[in-house]
Amino acid sequence: MALIPCQVLRAAILLSYLSVLCHYKAIEMPAHQTYGGSWKFLTFIDLVIQAVFFGICVLSDLSSLLTKGSDNQEQERQLKKLISLRDWVMAVLAFPVGVFVVTMFWILYIYDRELVYPKLLDNFIPPWLNHGMHTTVLPFILIEMRTTHHQYPSRTCGIVTVCLFSICYILWVCWVHHMTGMWVYPLLEYISPGAKIVFFIIVTVVINMFYILGEKLNNFIWEAEKCDALRDKRPKMD
């Protein structure tokens, strides 16, 4: 039996994301005043994705609680749709984008923080908020995967959706550069056009790899859970 019900964990995680988003938006940074505002940063988009996902989780928990014991088939149908949406967002957005943001940020930060998070930002963003945006996303999404089974879409459907998201964001980054003459991330200022194309392809491939990782991890966790349950049900020999 879990020490803390997963419904309580989801509500707490949702509140933490809302807090991070509110504090981040309250910061008066020059980058927030330029074209695209906060929406040009994948970190901010990921925070919104995570908040929306956990919002759907909390909503599905409340709906499940309210419809428990009810014979209303329409309510049951709506709940199933909500759970399907929750699983879809987890599979194609929350997990792959969240894991990508955390891993890429810290790899580049360790290599040369000026490429992704210039020291100047320390004057605006406190350390706790930085970790709220770039660190806690990973344990939160792993907790969700461990506590709740999610039905993944077909591999083809999932990969196509992840690719569409990646391409849309890459085009958005290029459009912001077209409008402002500056790249969203300092890293892109230092590489040639050909290298940028290779970089964007690698980014798309990596996000797809994280999608497949999430699918396999989800299956592994819940297959192991089923095996444990079956083993516990077996009659014990004296």
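Contact check for S16 versus T136: no side-chain heavy atoms found under the 4.5 Å cut-off. Side-chain contact between I49 and F165: present, with at least one pair of heavy atoms (C-beta onward) separated by less than 4.5 Å. L188 is listed as a side-chain neighbour of F200, based on a closest heavy-atom distance under 4.5 Å. Contact annotation: the side chain of M133 approaches that of I125 to within less than 4.5 Å [non-hydrogen atoms, C-beta and beyond]. A 4.5 Å side-chain heavy-atom check between T161 and W88 finds at least one atom pair inside the cut-off. A heavy-atom distance below 4.5 Å is found between the side chains of P118 and L121. Here the side chains of W106 and T135 are in contact, with some heavy-atom distance below 4.5 Å. Residues V203 and Y169 fail the side-chain proximity criterion, which asks for heavy atoms closer than 4.5 Å.
Note that the CD1 atom of I107 and the CG atom of L115 stand 13.0 Å from one another [nearest 0.5 Å]. Between atom CG of residue L59 and atom CG of residue L82 there is a gap of 5.0 Å, rounded to the nearest 0.5 Å. Interatomic distance, I221 CD1 to L142 CG, rounded to the nearest 0.5 Å: 7.5 Å. Taken to the nearest 0.5 Å, the OH atom of Y152 stands 7.5 Å off from the CG atom of L217. Distance check: N130 CG to Y24 OH gives 10.5 Å after rounding to the nearest 0.5 Å. Note that OH of Y190 and NZ of K196 are 11.5 Å apart. Values are rounded to the nearest 0.5 Å.
The side-chain tip of K25 points at the ring of F44 from less than 6.0 angstrom away and within 45° of straight on.
Side-chain contact, Y35 with H178: no donor N or O sits under 3.5 Å from an acceptor N or O. A donor and an acceptor atom, one from each side chain of R10 and T148, are located under 3.5 Å apart.
L213 and M145 end up in the same hydrophobic cluster when Ile, Leu, Val, Met, Phe, Trp and Tyr side chains are linked at under 4.5 Å. Using a 4.5 Å cut-off between side-chain heavy atoms of Ile, Leu, Val, Met, Phe, Trp and Tyr, with links allowed through other members, V101 and V205 fall into different hydrophobic clusters. Hydrophobic clustering of Ile, Leu, Val, Met, Phe, Trp and Tyr side chains at less than 4.5 Å, counting indirect connections, unites V97 with L85.
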Query raised in the report: What's the verdict on side chain to side chain contact (heavy atoms under 4.5 Å, CB included) for V206 and F100, showing C-alpha distance, side-chain angles and the deciding distance?
Result: CA-CA 8 Å; V206 170; F100 176 82; 3.8 Å; yes

Requested in this report: For the pair L47 and F41, evaluate side chain to side chain contact (heavy atoms under 4.5 Å, CB included) and give the outcome as yes or no after the intermediate values.
Outcome: CA-CA 10 Å; L47 286 175; F41 301 111; over 6 Å; no

Query raised in the report: Hey, mind stepping through E215 and N219 against side chain to side chain donor-acceptor pair (under 3.5 Å) and telling me if it holds?
Result: CA-CA 6 Å; E215 180 188 66; N219 291 338; 5.2 Å; no

**Report entry** Stepwise side chain to side chain contact (heavy atoms under 4.5 Å, CB included) check, Y211 with R155
**Finding:** CA-CA 9 Å; Y211 167 80; R155 176 73 62 82; 4.2 Å; yes

Requested in this report: Please report the C-alpha distance between E144 and F53 in whole Å, then the side-chain angles of each, then the deciding distance to 0.1 Å, and finally whether the side chain to side chain contact (heavy atoms under 4.5 Å, CB included) criterion is met.
Outcome: CA-CA 11 Å; E144 170 61 23; F53 168 66; 3.7 Å; yes

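Around atom CZ of F124, more than 12 heavy atoms belonging to other residues, nucleotides or ligands sit under 6.0 Å away. Annotation for H177: atom NE2 counts as buried by contact number, over 12 foreign heavy atoms lying within 6.0 Å. With a 6.0 Å radius and a threshold of 12 heavy atoms from other residues, nucleotides or ligands, Y185 has its OH atom above the threshold. Counted within 6.0 Å of CD on E28, heavy atoms from surrounding residues, nucleotides or ligands total 12 or fewer; the atom is thus considered open. Atom CE of M29 has more than 12 heavy atoms from other residues, nucleotides or ligands within 6.0 Å.
For Y17 and F140, the distance between ring centers is under 6.0 angstrom.
Remark: the backbone N or O of D112 is not paired with any side-chain donor or acceptor of Y117 at under 3.5 angstrom.
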